[in-house]
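Below you'll find the structure, written out as structure tokens, and then a few comments.
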Amino acid sequence: MTRQTERSPQDPPIDGQKPPEPGGISRRGLLTSVSLAGLGAAVGASVPLSSNPTGTMLPSALAQGAPTSGAAAQPSGPQPLDYPGKEKGLVVLGERPLVAETPEHLLDDETTPISKFFIRNNGQIPEPAASPDAWKLTVDGEVNNRLELTLAELKSRFQPKTYRMVLECGGNGRSFFQPQARGNQWTNGGAGCAEWTGIPLSEVLQAAGLKDTAKYTAHYGADPHLSGDTTKESLSRGMPIAKAMEPHSLIVYQMNGEPLPTIHGGPLRLVIPGWPGSLSHKWLTRITIRDREHDGQGMTGTSYRVPNTPMVPGGTADEKDFRILESMPVRSIITAPANGTRLPAGTRAVALRGAAWAGDLTVSRVDVSTDAGQTWTQATLAPTRNRYDWNRWTAAVPLPSDGYYEIWTRATDANGRMQPPVAHNWNPQGYGGNTMHRVAVLVG
Ligand SMILES: Nc1nc2c(c(=O)[nH]1)N[C@H]1C(S)=C(S)[C@@H](COP(=O)(O)O)O[C@H]1N2
Ligand SMILES: [Mo]
């Protein structure tokens, strides 16, 4: 199949515009009547800093043109989300299918509330299930006992587990690739860390009895294809049996203690932590066990795949030389202060908060810099609850004078691999973009 699962033809055209900075300047009441002529045109009452400083090596304030006539000049690019139960601060990256990301400063909670959790669809959003407990899941293929379980049976037959775990879109960080890669232009907001309650997939597969020939899963859900064509899947990915059997791979029916909302795949979804979010199939109806790698929608071509041999950025891909993206790369974000924050004149230090995670790996350290990486300060990592939880981190950095600063963060994973300053290993659909996160602040 050639359809690109991280960008469908129905997506609005990418025009390179970045969302307006929804940051907390005016909300913080620090900047209600101050002129900011020296930094260019203002976006509303915010300091006119790029909401996406990492997209370029230019200083944040110069990284992109800001609208020239204040708050009324809405950029033609992504818009604030207006969706029931969701914060308006989420940013729409695509309307059909609906895709919205969470600006980094809205990921400041220990556990991401449902209202702030990013949304990624490849197809239509199904109607809410009339009676969730009657939802049916079929497990078939290379198994000894084909299972057909209702959600009620699933709950009564197996012991539930609750884990707080990061769910991250495979394309998170894509917007930092140059030239632009195909797909939704995620900054760092295609990720969140929620408490997921469900049944370990391993227990259900054990109950089904895996045959010796069982190699790979294939996932199917109830979301209709965007075109309405019932012979097409919106998405159908799969994983090696070993990943499916990991204790943290769950069939989930609760999010943050609430019944799983429809927009997040309710009543039933997979959560396969550490690997691209596309494995965490929503509105899950069937898992077929295969004797070979899956070839469904999103498994082939350059979808969720990265090149073995480094490509010329923007060049032609040799799809034969691509491998399936498995564990996601290490990433850290600054969740406070928000990009574009203005601090009172004379402020001489700023407390930072953030989060870091590393796919299947743990995070070994997080460092922050206020001088474009010339010097670094090590952040303090809070403990995680399990290997797929994120590390919250804190740090304090001095601000020697008034003026403009960029704060950079970089995390290093347990294998010693650190986030790069620029997106590395360009590929047509922009996977693995894990550049250091940068926020700009203005003192005085
Ligand atoms: N059935 C179905 N499941 C799906 C998708 C989809 O389009 N259809 N999108 C996947 C992708 S690409 C991601 S990143 C996650 C996003 O989950 P969320 O919308 O709950 O944040 O769901 C995955 N599960
Ligand atoms: Mo995704």
Side-chain angles (χ1 to χ4, degrees), residues 1-19 51-52 54-56 63-64 75-79 91-101 118-124 168-191 223 225-227 232-237 275-280 294-326 328-329 331 420 422-435:
M1 295 227 188
T2 53
R3 192 176 147 256
Q4 310 300 342
T5 56
E6 285 289 346
R7 177 170 178 78
S8 69
Q10 289 82 358
D11 283 357
I14 295 171
D15 60 9
Q17 287 265 27
K18 296 302 193 297
S51 64
N52 184 8
T54 13
T56 168
Q64 65 179 115
S76 61
Q79 298 295 309
V91 173
V92 175
L93 302 185
E95 284 178 4
R96 213 185 124 74
L98 182 63
V99 180
E101 76 168 331
F118 80 98
I119 297 170
R120 168 63 168 126
N121 298 304
N122 289 267
Q124 300 181 41
E168 181 175 25
C169 182
N172 202 21
R174 176 177 294 136
S175 64
F176 308 124
F177 281 103
Q178 287 181 348
Q180 189 171 71
R182 244 181 3 254
N184 298 293
Q185 295 298 300
W186 301 103
T187 64
N188 289 302
D223 47 332
H225 193 265
L226 271 189
S227 65
K232 288 185 182 159
E233 302 291 341
S234 296
L235 181 74
S236 179
R237 301 206 64 237
W275 288 28
S278 51
L279 286 170
S280 295
H294 187 32
D295 53 5
Q297 181 61 41
M299 293 301 296
T300 54
T302 58
S303 291
Y304 302 104
R305 286 173 177 259
V306 289
N308 292 318
T309 311
M311 292 184 59
V312 176
T316 308
D318 173 9
E319 292 180 6
K320 292 187 297 298
D321 191 39
F322 275 53
R323 67 173 185 281
I324 295 174
L325 174 63
E326 297 191 334
M328 293 291 290
R331 189 185 309 277
V422 293
H424 170 67
N425 201 18
W426 190 95
N427 58 94
Q429 288 182 251
Y431 301 108
N434 65 333
T435 50

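Note: Glu326 CD to Leu279 CG = 9.0 Å, rounded to the nearest 0.5 Å. Interatomic distance, CG of Leu325 versus CZ of Arg305, reported as 10.5 Å (0.5 Å rounding). Within the model, atoms CG of Asp295 and OG of Ser236 stand 8.5 Å from one another, a figure rounded to the nearest 0.5 Å. A distance of 11.5 Å separates CG in Asp318 from OG1 in Thr302, rounded to the nearest 0.5 Å. Rounding to the nearest 0.5 Å gives a distance of 5.5 Å between CZ of Arg120 and SG of Cys169.
Although no hydrogens or angles enter the test, the distance criterion places a donor-acceptor pair under 3.5 Å between the side chain of Tyr431 and the main chain of Tyr304. In this structure, the side chain of Trp426 engages the main chain of Pro179 through a donor-acceptor pair within 3.5 Å. Although no hydrogens or angles enter the test, the distance criterion places no donor-acceptor pair under 3.5 Å between the side chain of Gln297 and the main chain of Lys232. Checking side-chain atoms of Arg174 against main-chain N and O of Gly433 turns up no donor-acceptor pair under 3.5 Å. Although no hydrogens or angles enter the test, the distance criterion places a donor-acceptor pair under 3.5 Å between the side chain of Gln185 and the main chain of Gly183. At distances below 3.5 Å, not a single donor-acceptor pair connects side-chain atoms of Gln79 with backbone N or O atoms of Val92. Side-chain atoms of Ser234 come within 3.5 Å of backbone atoms of Asp223 as a donor-acceptor pair (strictly under, hydrogens ignored). Remark: the backbone N or O of Ile119 is not paired with any side-chain donor or acceptor of Asn121 at under 3.5 angstrom. Of the possible donor and acceptor atoms, none in the side chain of Asn122 sits under 3.5 Å from a partner among the backbone N and O of Leu235.
Scanning all heavy atoms of the two residues, the minimum distance from His225 to Ser227 falls at ND1-OG, 2.6 Å. Contact detail for Glu101 and Phe118: the closest heavy-atom pair is CA-CB, 4.2 Å. The two residues Leu93 and Asn184 have their closest heavy-atom pair at O-OD1, 3.9 Å. The minimum heavy-atom distance linking Asn427 with Ala181 is given by the pair O-CB, 3.8 Å. Listed here is the closest heavy atom pair of Gly432 and Pro329: CA-CG, 4.0 Å. Ala191 and Asn172 get closest at one heavy-atom pair: CB-ND2, 3.7 Å.
Met311 is listed as a side-chain neighbour of Pro428, based on a closest heavy-atom distance under 4.5 Å. For the pair Trp186/Glu168, no side-chain contact is recorded, criterion being any heavy-atom separation below 4.5 Å from C-beta on. Between Thr187 and Phe176, some side-chain heavy-atom pair lies under the 4.5 Å cut-off.
If you check the side chains of Asn434 and Arg331, you find no donor sitting under 3.5 Å from an acceptor.
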